[in-house]
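Worksheet: the structure to be examined is printed underneath.
Every chain is numbered from 1, with letters handed out A, B, ... down the list of sequences. Because only heavy atoms are used, hydrogens play no part in the values below, and waters and symmetry mates are left out as well, while side chains stay in.
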Protein chains: 2
Amino acid sequence: MFNSNICLIFAFQTPSNMSIDKKEHIMNVAMELFAEKGFEGTSIRELANRADVNIAMINYYFGSKEKLFEALLENKARFMREKIEAIHNDKSLSEIEKINLIIEGYVTRFLSQPGLHRVLQQELLVSQRVTLHQNVINLFVKNTEDVVAIIEKGIRKKVFKKVDPQLLFASVIGTINQIMVSRTMCNMLMEKEKDFNPYADPQLKKRLLNHIKQMVQDHLLTHTELQKTK
Amino acid sequence: MFNSNICLIFAFQTPSNMSIDKKEHIMNVAMELFAEKGFEGTSIRELANRADVNIAMINYYFGSKEKLFEALLENKARFMREKIEAIHNDKSLSEIEKINLIIEGYVTRFLSQPGLHRVLQQELLVSQRVTLHQNVINLFVKNTEDVVAIIEKGIRKKVFKKVDPQLLFASVIGTINQIMVSRTMCNMLMEKEKDFNPYADPQLKKRLLNHIKQMVQDHLLTHTELQKTK
DNA sequence: TTGAATTAAACAAACGTTTAATTTAATTTT
DNA sequence: AAAATTAAATTAAACGTTTGTTTAATTCAA
């Protein structure tokens, strides 16, 4: 009751852009909730409540819960595409430099947006909303193709040894995913207190970057004879 | 966790296997559905329908939808624990052999149970059902601790170079996860037809095993000087 | 005065769960 | 061995909530 009054006062003070801000605001809260509870686990009512708007406003702005979800991903998820394309086409960079830049890009982006990462991962995992599911896949496959092309060029140039490019990229992304999948788990593995936010910790970022780069480089540049297991 | 299972087994001492088979059957169908649509995305009615049992039977057997889910994980998710413990304590194995055996164990187990993997991953990603969520985490953390101990022993013995044990294990699991997260995506990456089942393909298994083992071994046994990026 | 923004209330549909009645199977009594 | 008794398994129907969405009235800014 009090809140709505306060809101009305602020509505007077901020003139026309209120509606755009409100849309933005709803999307931010939605990202938070979807990341926490998943798409089906989040109710419009809870979202409206947390965002402090009327239930009807969500359908008024976005049409439906699912369209809100689509708008969310459309708005936030294209992020790595242009970056990777740019790196791929930059002729001043060596292959190993490109790989390192891509690793840095992913680590930076995912660590700074844990919620988005969580939502994307959920959408990959669950195949309920078919076209959205497919969109996320396509985005990822395109990125993989670029990275694979870079690695294959390095192999042809004989600066890399023969590796499995698709699976190597899967290892890079998979490592980050494994860290992002659960904050609690991450803290336990990294021996931090329970309510620490590891994703904002520059030390974790450094550690993660270092591990991935070193592992990828060791794998790309050297060859050890595989041990046999009987 | 154990108690509930034991209790249920003793509760129906009826030798009539029909009921136990039916329970088994419901759990299998539930795994299928949860893997496809997630926990909240699956309705009791749809589950009952697909399993060809009355809706009430699910609550009759399991008490609730959530308890069914718990029973499911309790029944199927303990798998790697004993195996890793056994490998960890086996004194006839070298460190690198242990690591390879663990990699083989995970790959084999996950590839043979894609649904279970999917459900576990979802439960890590979503923190709705708190204790269940924590159980999955604990299971995973315990496994990590064993693997970390093995790697650290290898480092002390100077058969491994100094690496980040936690993150290396994250890379192993993460690579497998990345393959398991979406069948469609996996097929696109591996250039298979759309309705191919990659997880049953021995060639993919071989390829995955080979990549992970080789990458881990390169990383553990050799050292390359890290390139600087400005 | 007009069109957009916002609201409370109502909507039907779907949800997980419970009930109460009935069928089936096993055990006990005759 | 047949009948009676008891308990478990199964069912259809209903329960009260909650879901996403819509409506129709009201407030707001221009």
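For the ring pair (Phe, Tyr, Trp, His ring centres under 6.0 Å) test, residues two or more places apart in sequence or in another chain that qualify with His211(B) are His219(A). Listed by chain and number, the residues in a side chain to side chain donor-acceptor pair (under 3.5 Å) with Asp164(B) are Arg207(A) (sequence neighbours excluded). For Glu74(A), the salt bridge (Lys or Arg N to Asp or Glu O under 4.0 Å) test picks out Arg78(A), with sequence neighbours left out. In this structure, the side chain to side chain donor-acceptor pair (under 3.5 Å) partners of Asn28(A), at least two apart in sequence or on a different chain, are Lys76(A). Legend: residues meeting ring pair (Phe, Tyr, Trp, His ring centres under 6.0 Å) with Phe140(B), ordered by chain and number and at least two apart, are Phe169(B). When the side chain to side chain donor-acceptor pair (under 3.5 Å) test is applied to Glu32(B), the partners found at least two apart in sequence or on another chain are Arg50(B). Not a single side chain to side chain donor-acceptor pair (under 3.5 Å) links Gln122(B) to another residue, sequence neighbours left out. With sequence neighbours left out, the ring pair (Phe, Tyr, Trp, His ring centres under 6.0 Å) criterion links Tyr199(A) to no other residue. By the ring pair (Phe, Tyr, Trp, His ring centres under 6.0 Å) test, Phe69(B) is found to be paired with Phe34(B), Phe39(B), residues two or more places apart in sequence or in another chain being considered.
If you measure from atom CD of Gln128(A) to atom P of dG20(D), you get 13 Å, rounded to the nearest angstrom. In this structure, the NZ atom of Lys65(A) is 8 Å from the C1' atom of dG20(D), given to the nearest Å. Between the CD1 atom of Ile58(B) and the P atom of dT18(C) there is a distance of 13 Å, given to the nearest Å. Between the P atom of dT19(C) and the CE atom of Met57(B) lies a distance of 17 Å, rounded to the nearest Å. Rounded to whole Å, the distance from CZ on Phe62(B) to P on dA9(D) is 13 Å. Taking atom OH of residue Tyr61(B) and atom P of nucleotide dA8(D), one finds them 13 Å apart after rounding to whole Å. Put simply, CD1 on Ile26(A) is 12 Å from C1' on dA5(C), counting in whole angstrom units. Taking atom CG on Asn59(A) and atom P on dA24(D), their separation rounds to 16 Å, with Å as the unit.
One end of the helix from dT1(C)-dA30(D) to dT30(C)-dA1(D) points its axis 10° away from the other end's axis, with each axis taken from 5 pairs and the angle rounded to 10°.
Ionic pairing of Glu104(B) and Lys213(B) is present here: one or more N-O contacts between side-chain nitrogen and carboxylate oxygen are shorter than 4.0 angstrom.
Side chains of Gln178(B) and Met185(B) form a contact here, defined as non-hydrogen atoms less than 4.5 Å apart.
Heavy-atom distances under 4.0 Å link DNA chain D to no residue of residues 33-41 of chain B. Using a 4.0 Å cut-off on heavy atoms, the residues of residues 42-54 of chain B that approach DNA chain D are Arg45(B), Asn54(B), listed by number.
Looking at heavy-atom distances under 4.0 Å, Ile55(B) makes contact with a base.
Note on Tyr60(A): every side-chain N or O is 4.0 Å or more away from OP1 and OP2 of dT6(C).
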